[in-house]
Number of protein chains: 2
Amino acid sequence: MSATPRPFSNVLDRSNSGEAVAKALSLAIHEHRLAPGTKLGEDDLAEIYGVSRTVVRAALQSLAHLQLVDMRRHRGAFVAQPSLGEAQEVFEARELLEPRTARMAARSSTSSNIKSLQGHIVEEHAALAADDPGRALNLSGLFHIEIARIAGQATIAGFIETLVARSSLIIALYWRRESALCEKHAHHALVQAIAEGQEQLAEELMRSHLVDIHSALDLRERPAAARSLKEALMR
Amino acid sequence: MSATPRPFSNVLDRSNSGEAVAKALSLAIHEHRLAPGTKLGEDDLAEIYGVSRTVVRAALQSLAHLQLVDMRRHRGAFVAQPSLGEAQEVFEARELLEPRTARMAARSSTSSNIKSLQGHIVEEHAALAADDPGRALNLSGLFHIEIARIAGQATIAGFIETLVARSSLIIALYWRRESALCEKHAHHALVQAIAEGQEQLAEELMRSHLVDIHSALDLRERPAAARSLKEALMR
DNA sequence: TCATCTGATATTGTATACAATATTGCGTCC
DNA sequence: GGACGCAATATTGTATACAATATCAGATGA
């Protein structure tokens with residue numbers, strides 16, 4: 001017996017349905033259920049979530065501000081496809097912001113903060129064990145955001161949130177299958193350094209962790225991939 | 001003879017009117033024509049700009065993402081009022097991002113970049129001479145954003161754009177009248193360092209420039225200003 | 001056979017109408 | 001006289017209808 005399909009979301013009965021739709025879409029993108037380039041038709045989404053196009057549009061605009069979707073006039077909204085250059089930029093920005101943030105977190109973390117971080121790691125392991133890499137990736141991102149929150153810099157945490165979101169798209173586009181995802185130990189060691197207040201170590205661990213991820217991406221110039229048809233075929 | 005009032009904007013005939021309204025409001029906030037806390041009624045704005053509430057809402061949501069306005073459910077939109085803590089955070093973030101950015105700009109600037117920066121300075125002086133400090137402040141912000149653009153980091157430039165925007169609100173709220181605004185020399189020296197490719201100097205000048213602004217703010221704890229009525233009056 | 005033009009279609013952009021809810025003034029009750 | 005409750009009002013939240021425009025298929029001509 002097959003149930004009628006339902007929207008893939010737990011929280012659509014929230015008071016502000018616009019944010020709810022944005023959250024649902026954001027989660028779907030983070031978990032790689034929506035591939036970069038996917039068209040997000042307003043009517044389709046409105047029907048799926050049982051709301052009007054008005055609220056769908058608000059949600060899409062919200063995601064566009066986070067650069068998770070691309071809205072083009074009279075063309076529609078699409079899941080964003082960061083270019084190689086943008087991918088480089090995103091990771092350069094993360095490598096600038098996050099090590100410093102980890103240092104601050106090491107200075108100011110409380111024991112309940114540590115508990116929360118460890119909870120993230122446990123969930124991440126569970127998701128991997130359940131063969132749900134999308135969910136694991138999303139949780140991994142939340143881990144980074146949580147560290148910024150712990151550091152007590154809400155503004156920078158907001159920046160990191162957008163960088164993590166875009167990183168998810170970048171990973172979807174440029175991840176090298178060959179390289180195993182070996183974040184488990186990195187996150188664990190990081191939490192330990194933060195818990196023990198070892199600022200310098202935390203900063204270094206975060207930096208090398210980001211470099212690890214960065215170098216597990218295939219960011220070499222593609223031969224003709226993203227160029228114009230003319231440039232690729234005329235000659 | 002008094003002309004009928006017209007919206008304070010030059011670009012309301014653009015194709016995407018939502019962005020146009022957002023730009024007009026953003027400019028008004030940057031130039032301190034709209035004070036923090038001002039209520040932004042949707043019907044009022046719709047009438048002023050001659051568009052429907054739909055597009056006004058889109059514009060307000062856009063500004064809310066930049067944290068220039070506060071939207072509260074069933075209450076309306078208001079020009080944001082950054083707290084003391086938020087003000088500190090914003091300037092800490094700027095002091096983290098912008099010196100590095102200035103260094104990168106010094107490495108990669110072209111002569112046309114320099115021309116553009118000098119143009120900003122000239123306009124800024126003109127605005128000051130015309131006794132239009134709001135416009136001068138806005139141009140000063142654009143100067144900082146331009147540097148980030150020159151550095152070739154669009155992502156970080158976007159962050160700085162939001163930080164500059166919030167800085168404008170912070171200055172409106174916390175600027176000490178006593179301190180003169182002495183940015184002229186700072187900006188000029190900065191451009192020179194960037195033009196000559198002196199990376200270290202550019203980084204240092206940007207850092208000290210930001211510290212100057214930061215310390216020209218009165219960010220001491222207010223006795224009761226932003227606290228709750230209860231806390232302020234009950235005793 | 002291919003290129004170009006044109007109109008039919010589908011999708012987005014905008015306006016307006018209706019629903020939901022916070023605010024506020026007034027009346028009543030204690 | 002003051003506090004509480006209630007209804008009137010104004011404003012925002014959402015849905016829907018209409019307008020504008022990009023896309024695409026088919027026709028027409030060279």
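A note on names: the letters A, B, ... follow the listed sequences, proteins ahead of strands, and every chain is numbered from 1.
- Using a 4.0 Å cut-off, some side-chain N or O of B:R57 falls inside it from OP1 or OP2 of D:dG13.
- If you check the side chains of B:T110 and B:N113, you find a donor sitting under 3.5 Å from an acceptor.
- Put simply, the side chain of B:H32 never gets that close to the backbone of B:L137: no donor and acceptor are under 3.5 Å apart.
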Between N or O atoms, less than 3.5 Å apart, protein on one side and nucleotides 5-10 of chain D on the other: list the pairs.
none

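- In this structure, B:Y49 places its OH atom 15 Å from P of C:dA15, rounding to the nearest Å.
- Nearest nucleotide to the side chain of B:D43, out of D:dT12, D:dA15, C:dG13: D:dT12.
- Looking only at distances, a side-chain donor or acceptor of A:H30 sits under 3.5 Å from a matching main-chain atom of A:S26.
- In this structure, the side chain of A:R176 engages the main chain of A:S215 through a donor-acceptor pair within 3.5 Å.
- Listed pair B:T54 / C:dT14 fails the phosphate criterion, with no side-chain N or O lying under 4.0 Å from OP1 or OP2.
- Residues B:E161 and B:H144 bring no donor and acceptor atom of their side chains to less than 3.5 Å of each other.
- Residue A:E47 contributes atom CD, which lies 14 Å from atom P of C:dT12 at whole-angstrom precision.
- Contact check for A:I160 versus A:E98: side-chain heavy atoms found under the 4.5 Å cut-off.
- Atom-to-atom, NZ of A:K39 to C1' of C:dT12 comes out at 8 Å; the value is rounded to the nearest Å.
- Distance from the side chain of A:H74 is smallest for C:dT12 among the nucleotides C:dA15, C:dT12, D:dG13.
- Atom P of nucleotide D:dT11 and atom CZ of B:F78 are separated by 11 Å, given to the nearest angstrom.
- Taking every side-chain heavy atom of B:R75 into account, C:dT23 is the closest of C:dT12, C:dT14, C:dT23.
- Atom CE of A:M71 is separated from atom P of D:dA22 by 15 Å (rounded to the nearest Å).
- The separation between A:R73 atom CZ and C:dT12 atom P is 13 Å, rounded to whole Å.
- Of the N and O atoms on the side chains of A:H65 and B:Q61, not one donor lies less than 3.5 Å from an acceptor on the other residue.
- The aromatic rings of B:H120 and B:F143 sit perpendicular to each other, their planes meeting at more than 60°, with 30° as the lower class boundary.
- With a 4.5 Å cut-off on side-chain heavy atoms, A:V55 and A:Y49 do not count as touching.
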Could you list the protein-to-nucleotides 17-19 of chain D atom pairs, N/O on both sides, closer than 3.5 Å?
none

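- Whole-Å rounding puts the A:E42 CD to D:dT14 C1' distance at 15 Å.
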